[in-house]
Participant: 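Structure incoming, see below.
Since this is a predicted model, take the numbers as computed values, not measurements.
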Amino acid sequence: MTKPTHQDAELLLRLYKMRREPEMRKARMWFQTAYQPKSWEETKPGYLKGSDEERYLRMVSSYWSMVASMVNLGIQNEDLFFSTNGEHFGVWAKCKTWVEGARKDMGPSYLKDLEILVAKHEAWRKKHWEYMPHEK
């Protein structure tokens, strides 16, 4: 583990504050509860049409893509981030249902940072949560 700095903590708190912004809260709530992902072929016709749902989808996915980039590039301390966050797992679980189709239209790197972050976090959990009792 690398020791987080005060700067790491400050950035994490700023990212958390962004998640608490009222419109982002609405978007996150919709994404977590009402959003039922479809294939890209079903999603694409409504993409960039300006509906609240489409805007919420872009807001949540782009926020987590941005955060993932910061962690993956070492701007945000991985250990601090991984020990305090988990929402990106649910976001990726929903996005991965249509991301391959979207990448064909928008480029192969679309949401790649989020995909990488989730894989890194899963590996981190296996390494750092070994001390936790296993279910029997």
Participant: Taking C-beta and beyond as the side chain, do Asp79 and His128 meet within less than 4.5 Å on heavy atoms?
Facilitator: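 Sidechains of His128 and Asp79: in contact.
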Participant: Take atom CE of Met29 as the centre, draw a 6.0 Å sphere, and report whether it contains more than 12 heavy atoms from other residues, nucleotides or ligands.
Facilitator: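 Atom CE in Met29 is not crowded, with 12 or fewer foreign heavy atoms closer than 6.0 Å.
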Participant: If you measure from CD1 on Ile116 to CG on Leu111, what distance do you get to the nearest 0.5 Å?
Facilitator: 11.0 Å
Participant: Minimum heavy-atom separation for Asn77 to Leu80, with atom names?
Facilitator: OD1-N, 2.7 Å
Participant: Evaluate the side-chain proximity of Trp40 to Lys104: yes if any heavy-atom separation is below 4.5 Å, no if none is.
Facilitator: no
Participant: Evaluate side chain to side chain contact (heavy atoms under 4.5 Å, CB included) for Met70 paired with Leu11, printing each intermediate quantity in order.
Facilitator: CA-CA 10 Å; Met70 289 182 187; Leu11 175 57; 4.3 Å; yes
Participant: Does Leu12 offer a backbone N or O that forms a donor-acceptor pair with the side chain of Gln76 under 3.5 Å?
Facilitator: yes
Participant: Let me see the working for Arg103 and Glu100 under side chain to side chain contact (heavy atoms under 4.5 Å, CB included), right down to the final yes or no.
Facilitator: CA-CA 5 Å; Arg103 286 176 178 165; Glu100 288 306 318; 3.0 Å; yes
Participant: Salt bridge or not for Arg28 and Glu21, using N-O below 4.0 Å?
Facilitator: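 Glu21 and Arg28: not salt-bridged.
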Participant: Would you check if there is a donor-acceptor pair between the side chains of Asp113 and Ser65 at a distance under 3.5 Å?
Facilitator: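 Not at all, the side chains of Ser65 and Asp113 share no donor-acceptor pair under 3.5 Å.
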Participant: With no hydrogens and no angle check, just 3.5 Å: does a side-chain donor-acceptor pair link Ser51 and Glu54?
Facilitator: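 No, no side-chain donor-acceptor contact under 3.5 Å.
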Participant: Measure the shortest side-chain to side-chain distance between Arg55 and Asp52 over non-hydrogen atoms and say whether it is less than 4.5 angstrom.
Facilitator: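 A side-chain contact exists here, since the closest heavy-atom pair is under 4.5 Å.
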Participant: For Tyr16, give me all partners under side chain to side chain donor-acceptor pair (under 3.5 Å), at least two apart in sequence or on another chain.
Facilitator: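 None.
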Participant: Working to the nearest 0.5 Å, report the span between CZ of Phe81 and CD1 of Ile75.
Facilitator: 13.0 Å
Participant: Is the closest side-chain heavy-atom distance between Trp98 and Ser39 below 4.5 Å?
Facilitator: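 Trp98 does not reach Ser39 side chain to side chain.
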Participant: Does some side-chain heavy atom of Arg25 sit less than 4.5 Å from a side-chain heavy atom of Arg19?
Facilitator: no
Participant: Going only through I, L, V, M, F, W and Y residues with side-chain contacts under 4.5 Å, is there a path from Met18 to Trp64?
Facilitator: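 Yes: a chain of side-chain contacts under 4.5 Å links Met18 to Trp64.
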Participant: Determine whether Phe82 and Leu117 make a side-chain contact, defined as any pair of heavy atoms from C-beta on separated by less than 4.5 Å.
Facilitator: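 Contact flag for Phe82/Leu117 side chains = yes.
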Participant: Could you check, using the six-membered ring where one of them is a Trp, whether His88 and Tyr63 have ring centers closer than 6.0 angstrom?
Facilitator: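 Centroid distance His88-Tyr63: not below 6.0 Å, so no.
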Participant: Closer than 4.0 angstrom, basic N to acidic O: yes or no for Lys96 and Glu115?
Facilitator: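 Here Lys96 does not pair with Glu115 in a salt bridge, since their nearest N and O are not under 4.0 Å apart.
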Participant: Going by the rule ring pair (Phe, Tyr, Trp, His ring centres under 6.0 Å), which residues pair with Tyr35 if we only count those two or more places apart in sequence or in a different chain?
Facilitator: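 Listed in chain order: Trp30, Phe31.
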Participant: Below 4.5 Å, heavy atoms only, C-beta onward: do Gln32 and Lys94 meet side chain to side chain?
Facilitator: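 Side chain of Gln32 against side chain of Lys94, heavy atoms only: no contact under 4.5 Å found.
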Participant: What distance do Met106 atom CE and Lys44 atom NZ have between them, rounded to the nearest 0.5 Å?
Facilitator: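 That separation rounds to 9.0 Å.
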Participant: Is any NZ, NE, NH1 or NH2 atom of the basic residue among Arg125 and Glu122 found under 4.0 Å from an Asp or Glu carboxylate oxygen of the other?
Facilitator: no
Participant: In terms of side-chain heavy atoms, does Thr5 have a donor or acceptor partner in Asp8 at a distance below 3.5 Å?
Facilitator: yes
Participant: Could you tell me if the side chain of Thr97 sits less than 4.5 Å from the side chain of Lys38, heavy atoms only?
Facilitator: no
Participant: At what distance, to the nearest 0.5 angstrom, does SG of Cys95 lie from OH of Tyr110?
Facilitator: 6.5 Å
Participant: Supply the atom-to-atom distance His6 NE2 to Leu13 CG, rounded to the nearest 0.5 angstrom.
Facilitator: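 Output value for this atom pair is 12.0 Å.
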